[in-house]
Every structure is written in C-alpha cells, then in structure tokens.
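Here the structure is laid out as structure tokens; the discussion comes afterwards.
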Amino acid sequence: MTTHPRWPYAELDTAAHQATPFHQFVLKVHGRCNLDCSYCYLYQGADHGWRDRPARTPEATMLRTAHRIAEHVRAHRLDGIRVELHGGEPLLTGPDPVLAYTRAVRQAVPADCHVTATVQTNGTRLTAAALERLAAAGIRVGLSLDGGRGAHNARRVDRAGRPAWPAARAAALRLTAHPQTYAGILCTIDLGADPLDVYRSLLELGPPGVDFLLPHANWAHPPPGLAPSSPGRYRPRPTPYGDWLVAVFDAWWDEGRLRTRVRLFQEIAALLLGAPSGAEAVGLSPLAAVVVETDGSIDQVDSLRSAYAGASRTGLDVFRHSFDQALRHPGVAARQLGEQGLADECRACPVGKVCGGGNYVHRYAPGSGFLHPSVYCADLERLIRHVAHRLNRTVRGST
Amino acid sequence: MTAPPQDTPIPLPEIPRPDHTDHPVLSAILAELHAREEQAVVVARYEDAP
C-alpha cells in the first residue's frame, strides 16, 4: 500500500477543480526493456511496480484503452490528440504491437479527431523494415540518446554491458532519410559530457528537434553535481545544469540559422514573450497527459516513479474507470492548477511565471510532497535569466 | 558559476513580441507561437515524448 505525501493527497481539494481534458495518451506497449541504462528512473529507481505488470499489453487491453480514449474525445469534443507509444522499449518485439495499438485508437476515435502518433524508442530495434512500416502507418519516431557519440552514451548498455550506441546511431541515420517520420531526440543531461560536444554531435544526426532533459531527481535524491539539502530557494547555489544549458543555448542562438528546434529553449523564449508554455519542464500550463500501463491501469506520468514507489498509481484502470475519473485524482489535478499549485517561494519569485516551478517531479520531498521549489531552482533561474538577456538584446536590435 | 549571492527580487525584463525579425531562431519561435494561437487551450506536454 502506497503512502502518499501530504501534497497533494491530503491537502488538495479537487472538488472545485476545473479540469483540462487529457490530450496526450502515453500507451505502454511493452513493460520491459532490452537495455539496462545505469540512470534509468524506471528500472533502476525506487519503484519496482513494473515487475507486477504484464510484459506486453494484450490486444483486449489495447481495444479497451482505445474505447476509453474515444469516450474521452467525444465527451470533450477534442479535435486532436497525441498518442505516445512507450515502454519499456515499445519496439521490443518489432513494430506489430505499436501498429496494432495505433490502429485501434485511430479506428475508435471520431473521424474528425486527428491522432498524432509517436513511438519513443532507444533505437536498437528500429530496423529498416520496421521504420518503413511505421512511416507507412504515419507513426513518427523519437529517439532517446544522450549525445551523438559513443562516449556520450556509455551509460546506455544492455544487460550484458554491450553498448546500445552502434544500433542507435544506425537508427538515427535511417531516420534522417525519413524526415517526415523523424520526431527528434530526447537527451538526458550528463554533466560529465561537454555541452557543446553533445549539442554539435546531436546535430550530426539530423534531428528536427532535440530536448535536453534534466535527470529526474528531487530533494531526497539530488542529481549528480548538487549537494543534498532540505527543500527551499537557496542563493547562492551552484548552477552546473544551468551553466551546461547556457552553453548550448548560446551555440544554438548564435548559429545563424535554425539547425534544430530545442524545446526547452523555445518554451522559455515563448514564456518570456508572454505566451503559454507547451512543455512540462517550465511554465504553468496544465499537464494533460495520462498513462495506460500494460495491464490497463491508468497512471500518472512515469517520471513520478523517480520520487517514491507507487507515486504514479491512481488505482484506476480502463476496464472499470473513465479518463474523466482520472482527471479528479489529486495527483492529476495538482498538475493543472497553474500558479495555485506552486510553493510560496515560487509564487514570490521574479522568474516564477516562466519557471513555473520546473518539472513537478523535481519538487518532491518525502512527507511533505510536491509543494516545494525544484531541486533545480537555481539552475532554472540561471538559464531563464540568460535566455531573457539574449532574447531582449535580439528583440531590441543588438545580438 | 553560481546564482547571484544576494537574493534580491530582480524582475525579468519585459520583452515585447516583435512582429518580425531577421534572427532565424527567433523567427522560428515566432512562427510556432503564431501557430499555437490557433489552439483553444495550450497544454503542457509530457517531456518523455518529442
């Protein structure tokens, strides 16, 4: 039985919450992975719940999930949704389960609802044949890579310790020949890697977009490079992740042309220009994503598992519950509150409306929960102020 | 580098959104923001998906 923290479970009244419908459905195809990455928050972290779930989603669960998604689309008259085929490694047994799941959703939703489907893969099982079939089905492919060199991906190995890099690189090069299918690269930041080397080597893989992800961490388990402390907004505080990202930002901003989209930087710039954010890493927009596990459980996003065992569980499933019921769950509601869901320090912070408290999971402290600044608070401020400075100079006429 | 030693509440600059720009990266950002204005609601997307 999971013991949830006070915020939001004991302290958030969801009765008056005006929910934003789910627009993004993360569908687990496989619950296992062929890699054994040393930093994986799913398989190396506090939550071992994956062991209790089926290794693969049965067809009946896929069909039931598709039915529930269609029910949600009709109830809220959604004209577009995103479906993210995920895992584990979603291509573990080839593309057939991914194709089947996507087909089930597309056949179930109303004809006027556009379904954008993407599979997020480590690339090792993305053969040329698999890519052709995914492309033909209109399913985009995103890669998880920590840079464009073997050394950047030294932590991404299989259970025998063999590097995933050669196969992943081959997958990236195949994708460059399918630009309509190539969704981009997600790169987890490693302070041990030179930021400019990571950035430039990723460009060589031709991604249309890249996102740099802060490693999942919290106040109980801070990331490499940050010392443990109790939650709070501390200054001065080292900003190694902020500095790393600033280096990449300057290279990206000064490139002279758009080589690739970088989501984190673009969202910060959007916020600074007065627009809402489209990413959970910054800003105050409601998170409208939900996960369906291989057993049909309706879960919150996986990243919560980095906080404590059972953190993502809602107790709901597609066989007995609707997605509307999931919207009422305190963990889901807490991520749709905007400024009301921030700690006092964040609401008083001069960069709070841009930072938005950072990624929700990075605010966690045992017992009290998620109503704290991010463990990356100072890093986020470092990056945001730097982007603001560069953007302001550009807008006002000097670079 | 470390964040500033004094935690004085220095506000962020107010940056007006330009109608157009010669800066290629900013131009791409502005184009995406323009497209985003068509959306009824802007939601935060899950970061472990591109």
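Per chain, numbering begins at 1; letters A, B, ... match sequence-line order. Because the structure is a prediction, the values reported are computed rather than measured.
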Q39(B) portion near chain A, given a 4.5 angstrom heavy-atom threshold: neither
Ranked by heavy-atom pairs below 4.5 Å to chain B, first place among P276(A), G142(A), A183(A), G184(A) goes to P276(A)
Determine whether a donor-acceptor pair (N or O, by modelled atom type, separation under 3.5 Å) exists between the side chain of E280(A) and the backbone of E47(B). yes
Determine whether a donor-acceptor pair (N or O, by modelled atom type, separation under 3.5 Å) exists between the side chain of Q120(A) and the backbone of D48(B). no
Please classify the contact of L33(B) with chain A as side chain, backbone, both or neither, using a heavy-atom distance under 4.5 Å. side chain
Ranked by heavy-atom pairs below 4.5 Å to chain B, first place among E84(A), Q266(A), R261(A) goes to Q266(A)
Is chain B contacted by the side chain of H216(A), its backbone, both, or neither, given a heavy-atom distance below 4.5 Å? side chain
Out of R263(A), R257(A), R140(A), which one racks up the most heavy-atom pairs below 4.5 Å with chain B? R263(A)
Interchain contact, E267(A) with chain B, by part (heavy-atom threshold 4.5 Å): side chain
Residue part contacting chain B, namely of S303(A), when any heavy atom lies under 4.5 Å: both
What part of F22(A) gets within 4.5 angstrom of chain B, counting heavy atoms only: side chain, backbone, both, or neither? neither
Verify, without hydrogens or angle tests, whether D211(A) (side chain) and L264(A) (backbone) share a donor-acceptor contact under 3.5 angstrom. yes
Relative to each other, are the rings of F212(A) and Y199(A) parallel, tilted or perpendicular (30° and 60° limits)? tilted
Pairwise distance CZ(F265(A)) to CD1(I384(A)) - rounded to 0.5 angstrom: 12.0 Å
By a 4.5 Å heavy-atom criterion (distance strictly below it), what part of L272(A) contacts chain B: side chain, backbone, both, or neither? both
Expected output: side-chain R335(A) to main-chain Q300(A) donor-acceptor under 3.5 Å: no
Most contacts with chain B, counted as non-hydrogen pairs under 4.5 angstrom, among G274(A), A270(A), G209(A), C349(A): A270(A)
Part of H389(A) lying under 4.5 Å from any heavy atom of chain B: neither
Would you please say whether a donor-acceptor pair under 3.5 Å links the side chains of T239(A) and W244(A)? no
Can you check whether Y241(A)'s main-chain N or O pairs, donor with acceptor, with D379(A)'s side chain at less than 3.5 Å? yes
Under 4.5 Å heavy-atom distance to chain A, tell me which part of V42(B) shows up: side chain, backbone, both or neither. both
Using non-hydrogen atoms only, which part of V26(A) is less than 4.5 Å away from chain B: side chain, backbone, both, or neither? side chain
Looking only at heavy atoms, the pair that brings C33(A) and N122(A) closest together is SG-ND2, 3.7 Å
Using a 4.5 angstrom heavy-atom cutoff, name the option from A40(B), P24(B), S27(B) with the most pairs to chain A. P24(B)
Give a yes or no answer on whether the side chain of W252(A) reaches the backbone of T260(A) with a donor-acceptor pair at less than 3.5 Å. yes
Winner by heavy-atom pair count (cut-off under 4.5 Å) against chain B, out of T20(A), L391(A), L143(A): L391(A)
Checked V246(A), V354(A), D302(A) vs chain B; the most non-hydrogen pairs under 4.5 Å come from D302(A)
The interface call for T118(A) against chain B, heavy-atom contacts under 4.5 Å, is side chain
Got a donor-acceptor contact below 3.5 angstrom from the Q24(A) side chain to the A288(A) backbone? no
